[in-house]
Amino acid sequence: MFRNQYDTDITTWSPQGRLHQVEYAMEAVKQGSAAVGIKSKDFVVLATLKRAPHAELSSYQKKLFKIDDHIGIAIAGLAADGRVLSRYMRNECMTHKYIYDTPMPVQRLTNKIADKSQKNTQSSSKRPYGVGLLIAGYDEETGAHLYQTCPSGNFYSYKAIAIGARSQSAKTYFDKHYDSFKNDLQDLIVNALKSLKGTTGDNVELTTKNCSVLVVGKGMPLTLYEDDAIENYLNLLDESNKKEVHDEEMVV
């Protein structure tokens with residue numbers, strides 16, 4: 001039997017019990033440029049690698065979106081689907097603020113976006129969203145939150161996570177070094193950029209043009225660092241890398 005006999009719509013199960021269109025959507029996430037997230041007690045940091053432009057005069061694709069003063073997202077996959085979901089999330093936050101006069105809890109918004117993604121997997125007239133989200137937020141009562149959502153409608157809470165192309169390199173870095181991360185904003189940003197560097201491939205350096213950072217946490221509204229604003233942290237990353245090389249040489 002041919003695989004494409006069972007991928008013509010979202011509600012057709014294959015004999016092996018698979019929904020191929022959901023798998024295709026999840027594959028789109030894996031092929032998107034990388035996004036990483038780190039959470040500490042008081043802060044959440046998202047860092048993304050912007051895909052290189054296809055034309056010489058075109059700009060890099062935006063990967064970070066502000067949802068509210070206390071919530072932001074990073075996307076990997078189809079950027080158009082990411083913009084659709086970000087618009088939905090903004091509307092939900094504004095509605096909640098209007099009705100209850102309080103910021104929307106991060107977990108409640110994550111539940112809503114996961115439900116919206118899941119609904120697109122059970123109607124033959126629709127298709128799954130081909131985008132994965134990293135949702136960073138800070139609630140005054142419950143603290144910092146970092147969630148990942150999938151096209152299937154699943155969502156997970158993490159201390160550190162990476163999605164997109166070559167994301168396994170960043171996950172390995174988190175496994176080795178997460179216990180050494182401090183509850184310090186500068187340290188978290190440098191570690192996020194360091195893990196992101198591992199996803200770039202050979203001969204690709206992080207610059208002010210191809211990466212961006214989003215920060216939210218205790219006592220500070222959501223802040224986005226792009227272009228010249230991120231240069232200081234890239235310099236700190238270079239200094240950290242040089243120090244590690246020097247320490248290794250001293251051990252040898």
Side-chain angles (χ1 to χ4, degrees), residues 1-39 46-52 54 60-65 67 72-89 92 106-107 109-136 145-175 195-196 198-201:
M1 291 187 180
F2 297 100
R3 179 177 180 178
N4 60 12
Q5 284 181 294
Y6 303 100
D7 63 2
T8 53
D9 67 68
I10 188 60
T11 58
T12 302
W13 296 81
S14 74
Q16 291 78 32
R18 298 163 62 184
L19 288 172
H20 289 300
Q21 283 204 10
V22 174
E23 294 181 10
Y24 296 163
M26 297 181 76
E27 190 63 29
V29 176
K30 294 179 183 178
Q31 293 183 10
S33 53
V36 303
I38 306 175
K39 181 188 76 170
L46 299 180
T48 59
L49 183 67
K50 301 177 185 177
R51 181 144 284 173
H54 298 292
Y60 286 87
Q61 181 69 56
K62 187 175 181 180
K63 298 267 293 177
L64 293 173
F65 297 90
I67 303 302
I73 64 170
I75 66 171
L78 300 180
D81 286 357
R83 288 193 294 271
V84 169
L85 293 179
S86 68
R87 190 183 309 118
Y88 169 80
M89 294 170 79
E92 289 296 319
V106 182
Q107 184 172 357
L109 181 61
T110 304
N111 272 307
K112 282 182 171 288
I113 204 67
D115 288 344
K116 184 175 177 64
S117 297
Q118 195 279 330
K119 286 179 182 178
N120 275 30
T121 69
Q122 61 185 40
S123 174
S124 60
S125 62
K126 297 181 180 180
R127 65 167 178 82
Y129 291 111
V131 65
L133 305 181
L134 295 184
I135 304 174
H145 297 278
L146 174 63
Y147 293 99
Q148 176 201 357
T149 69
C150 300
S152 61
N154 291 324
F155 71 93
Y156 310 91
S157 176
Y158 285 98
K159 293 182 178 178
I161 186 59
I163 59 175
R166 303 188 187 93
S167 59
Q168 186 57 48
S169 173
K171 293 177 183 177
T172 301
Y173 177 84
F174 293 146
D175 288 341
S195 65
L196 190 66
T199 70
T200 58

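It should be emphasised that the depicted structure is a prediction, and the values quoted were computed from it without experimental measurement.
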Quiz item: Taking all atoms of both residues into account, what is the closest heavy-atom pair of Ser195 and Ala170, and its distance?
Solution: O-CB, 3.6 Å

Quiz prompt | Approximate separation, where rounding is to 0.5 Å, of Asp175 CG and Gln168 CD | solution = 7.5 Å

Quiz prompt | Donor-acceptor pair, side chain of Lys30 and main chain of Ala165, under 3.5 angstrom | solution = no

Quiz item: Is there side-chain contact between Leu85 and Ile73, with at least one heavy-atom pair below 4.5 Å?
Solution: no

Practice problem: Enter the distance from Asp9:CG to Ser125:OG here, rounded to the nearest 0.5 Å. | Solution: 9.5 Å

Practice problem: Indicate the atoms forming the closest heavy-atom contact of Ala114 with Gly153, along with that distance. | Solution: CB-O, 3.3 Å

Quiz item: Do Met89 and Glu92 have side-chain heavy atoms sitting under 4.5 Å apart?
Solution: no

Exercise. Given side-chain contact (heavy atoms from CB on, under 4.5 Å), test Glu23 with His20 step by step and report yes or no.
Key: CA-CA 5 Å; Glu23 294 181 10; His20 289 300; 3.9 Å; yes

Quiz item: Where is the tightest heavy-atom contact between Gly72 and Leu46, given as atom of each residue plus distance?
Solution: O-CD1, 4.0 Å

Self-check item: CZ on Arg83 to CD1 on Ile75, rounded to 0.5 Å
Solution: 7.0 Å

Exercise. Could you check if a side-chain atom of Thr11 sits within less than 4.5 angstrom of a side-chain atom of Ser123, using non-hydrogen atoms only?
Key: no

Quiz item: Hey, mind stepping through Phe174 and Ile161 against side-chain contact (heavy atoms from CB on, under 4.5 Å) and telling me if it holds?
Solution: CA-CA 8 Å; Phe174 293 146; Ile161 186 59; 5.8 Å; no

Practice problem: Could you tell me whether the side chain of Tyr6 reaches within less than 4.5 Å of the side chain of Gln16, counting heavy atoms only? | Solution: no

Self-check item: Val131 vs Thr149 side-chain heavy atoms within contact, under 4.5 Å
Solution: no

Exercise. Drop me the distance from Asp7's CG to Arg18's CZ, to the nearest 0.5 angstrom.
Key: 10.5 Å

Quiz prompt | Distance (rounded to the nearest 0.5 Å) between Leu196 CG and Thr48 OG1 | solution = 7.0 Å

Quiz item: If you look at every heavy atom in Val29 and Gly132, which pair is closest and at what distance?
Solution: CG2-N, 3.3 Å

Practice problem: Using the test side-chain hydrogen bond (donor to acceptor under 3.5 Å, both in side chains), find all partners of Asp81 that sit at least two apart in sequence or belong to another chain. | Solution: Arg127

Quiz item: Which atom names give the shortest non-hydrogen contact between Leu64 and Ala74, and what distance separates them?
Solution: CD2-CB, 3.5 Å

Quiz prompt | Lys112 atom NZ, over 12 foreign heavy atoms within 6.0 Å | solution = no

Quiz item: To the nearest 0.5 Å, what is the distance between CG (Leu134) and CG (Leu146)?
Solution: 6.0 Å

Quiz item: Any donor and acceptor pair, going by atom type alone, linking the side chain of Ser33 with main-chain N or O of Leu49 inside 3.5 Å?
Solution: yes

Exercise. Quick one: closest heavy-atom pair of Cys150 and Ser117, and the distance?
Key: O-CB, 4.0 Å

Quiz item: Hey, are the side chains of Tyr24 and Pro128 touching, using non-hydrogen atoms and a 4.5 Å cut-off?
Solution: no

Quiz item: Mind checking what makes side-chain hydrogen bond (donor to acceptor under 3.5 Å, both in side chains) contact with Gln21, not counting sequence neighbours?
Solution: none

Quiz item: Looking at residues at least two apart in the chain, or sitting in another chain, which of them share a ring-ring contact (aromatic ring centres under 6.0 Å, His included) with Tyr147?
Solution: His145

